[in-house]
Amino acid sequence: KSLGCFSPSEQLESFCHLLHFLSAPRRIQGARPISLSAAATGIFGMGRGGDDNGNQKLTLQDVAELIQKKECHRMVVMAGAGISTPSGIPDFRSPGSGLYSNLQQYDIPYPEAIFELAYFFHNPKPFFTLAKELYPGNYRPNYSHYFLRLLHDKGLLLRLYTQNIDGLERIAGIPPDKLVEAHGTFATATCTVCRRSYPGEDFRGDVMADKIPHCPVCTGLIKPDIVFFGEQLPQRFFLHVADFPMADVLFIIGTSLEVQPFASLADAVRSSIPRVLINRDLVGPFAYQPQYNDVALLGDVVSGVEKFVELMAWKEEMQELIQRETEKKYFGANR
């Protein structure tokens, strides 16, 4: 049966089933798998594509001016591990320094096993050893996180989609309704047996004491709500179906765009809007299919964010925000 024979409601139902199938995290190896944006394009005609039609190449200054003129005021941000490395948290994939390169200490058969359910049930100790390192409270937000907070304070942030599980966006003051933690969070935890949900903080003491947390009701194994390979992404992830078509500028900061379906979102915005990459390397569509309105600022992530803040004349506001939040946390911790 051809797609044109389906009614609009049937098309929508088919699309939702396809999104559900595609929503488990997948590592990209070799050819790129089908993406959510490709599915949306095929069914609804959404997404980017085509050539630049002779349009003049966009610059970072151009993007800053569009925002200052309020021509762009619905910003969606995609963030990855690169925004947290300045806080001292290693990323996953950097050769030699990333978490995957330093997992020998956890005595696992291969690096990715630490985020696989079968291995977790067989031996949860390595995951909780890593969790002890990453648990919220061990690290503090940096300049990049507070930049995202400033976007929210200015009413510019439509939504922040993050791959990070460190919770630093929350600590920086991004409200939960503006945040999509695509790969889960330590903020909540679930019993793997009775499925009761708990605040993640309830088990912080066990994790810090190198104990495996168990459900106080049924004694089942407790798992923080981190998305393991093969698990479905949180329901909030599907907000992208509405958010990305509404966005009038997309910022992609500190991510390798190597894990699907998150990576596919870079192509899910309208082809007419600016996409800004602030990253160590050229990645994703910025490398294999750049558009005239793509801007890439390569190198140190914090330096790239600082450059944009300077173009926006927000430098003083950023300094005040960081000082205010730092003092709040310092004095709060010493009461």
Side-chain angles (χ1 to χ4, degrees), residues 19-29 33 35-37 76-85 87 89-94 98-100 103 111-120 124 126-128 130-136 138-139 141 144-145 148 159-172 174 176-190 192 197 200 207 222-241 243-244 251-266 268 279 283-284 301:
L19 288 180
H20 183 75
F21 170 75
L22 292 171
S23 66
R26 292 172 170 82
R27 290 151 287 176
I28 301 176
Q29 296 178 345
S35 69
L36 297 184
S37 58
V76 168
V77 179
M78 296 171 61
I83 73 166
S84 291
T85 50
S87 293
I89 301 176
D91 65 13
F92 284 91
R93 292 175 175 78
S94 292
L99 286 173
Y100 281 163
L103 288 176
E112 291 85 353
I114 206 163
F115 290 116
E116 291 183 355
L117 279 176
Y119 187 78
F120 176 76
F127 171 78
F128 283 107
L130 178 63
K132 181 179 179 180
E133 173 71 16
L134 296 179
Y135 227 76
N138 293 343
Y139 299 93
S144 297
H145 297 101
L148 302 176
R159 204 88 62 192
L160 166 60
Y161 287 73
T162 180
Q163 294 175 282
N164 298 332
I165 59 176
D166 51 50
L168 291 181
E169 297 91 355
R170 290 176 180 243
I171 297 172
I174 305 294
D177 67 309
K178 291 292 183 180
L179 185 60
V180 173
E181 293 162 312
H183 292 167
T185 177
F186 283 106
T188 55
T190 301
T192 57
S197 183
V207 173
I222 291 290
K223 174 182 167 294
D225 290 335
I226 304 301
V227 180
F228 280 25
F229 289 118
E231 287 191 296
Q232 299 301 316
L233 268 61
Q235 286 298 311
R236 283 185 60 78
F237 180 74
F238 295 105
L239 288 172
H240 75 83
V241 174
D243 287 345
F244 279 72
F251 271 67
I252 302 173
I253 309 176
T255 173
S256 63
L257 292 181
E258 288 187 1
V259 177
Q260 294 287 9
F262 185 90
S264 70
L265 297 184
N279 204 49
V283 295
V301 168

From [X] atom [atom1] to [Y] atom [atom2], the distance as rounded to the nearest 0.5 Å:
X    : Y    : atom1 : atom2 : answer
I114 : L130 : CD1   : CG    : 4.5 Å
L233 : H183 : CG    : NE2   : 5.5 Å
M78  : F244 : CE    : CZ    : 5.5 Å
R159 : L179 : CZ    : CG    : 9.5 Å
I226 : I165 : CD1   : CD1   : 4.0 Å
R170 : N164 : CZ    : CG    : 13.0 Å

Closest contact, heavy atoms only, [X] versus [Y]:
X    : Y    : answer
A189 : I222 : CB-CG2, 3.7 Å
A131 : F186 : CB-CE2, 3.7 Å
L257 : G284 : CD1-CA, 4.0 Å
A263 : E258 : CB-N, 4.3 Å
P141 : S87  : C-OG, 3.8 Å
D166 : S84  : OD2-OG, 2.7 Å

Quick one: does V180's side chain get under 4.5 Å of R236's, heavy atoms only?
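SC-SC contact between V180 and R236 confirmed.
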Taking only residues two or more places apart in sequence, or in another chain, which ones meet F127 in a ring-ring contact (aromatic ring centres under 6.0 Å, His included)?
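Testing F127 for ring-ring contact (aromatic ring centres under 6.0 Å, His included), a comparison that skips the adjacent residues, returns F120, F228.
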Set of residues satisfying side chain to side chain donor-acceptor pair (under 3.5 Å) with respect to [X], sequence neighbours excluded:
X    : value
K132 : D210
N279 : none
T185 : none
T190 : D225

Relative to each other, are the rings of F237 and H240 parallel, tilted or perpendicular (30° and 60° limits)?
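Correct class here is tilted.
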Listed partners of P234 passing side-chain contact (heavy atoms from CB on, under 4.5 Å), at least two apart:
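side-chain contact (heavy atoms from CB on, under 4.5 Å) list for P234, sorted by chain: V227.
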Checking Y139 now: which residues fulfil side-chain contact (heavy atoms from CB on, under 4.5 Å) with it, not counting sequence neighbours?
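Partners of Y139 under the side-chain contact (heavy atoms from CB on, under 4.5 Å) test: I89, E133, L168.
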Side chain Q260, main chain S264, donor-acceptor under 3.5 Å:
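The answer is yes, because a donor-acceptor pair under 3.5 Å joins these two groups.
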Give a yes or no on whether the backbone of G200 and the side-chain of Y135 come within a donor-acceptor separation of less than 3.5 Å.
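Between the backbone of G200 and the side chain of Y135 there is a qualifying donor-acceptor contact (under 3.5 Å).
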I'd like to know whether I253 forms a side-chain contact (heavy atoms from CB on, under 4.5 Å) with L148, so could you lay out the CA-CA distance, the side-chain angles of the two residues, the decisive distance to 0.1 Å, and finally the verdict.
CA-CA 10 Å; I253 309 176; L148 302 176; 4.2 Å; yes
What residues, two or more places apart in sequence or in another chain, satisfy salt bridge (charged side-chain N to carboxylate O under 4.0 Å, His left out) together with E169?
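Testing E169 for salt bridge (charged side-chain N to carboxylate O under 4.0 Å, His left out), a comparison that skips the adjacent residues, returns none.
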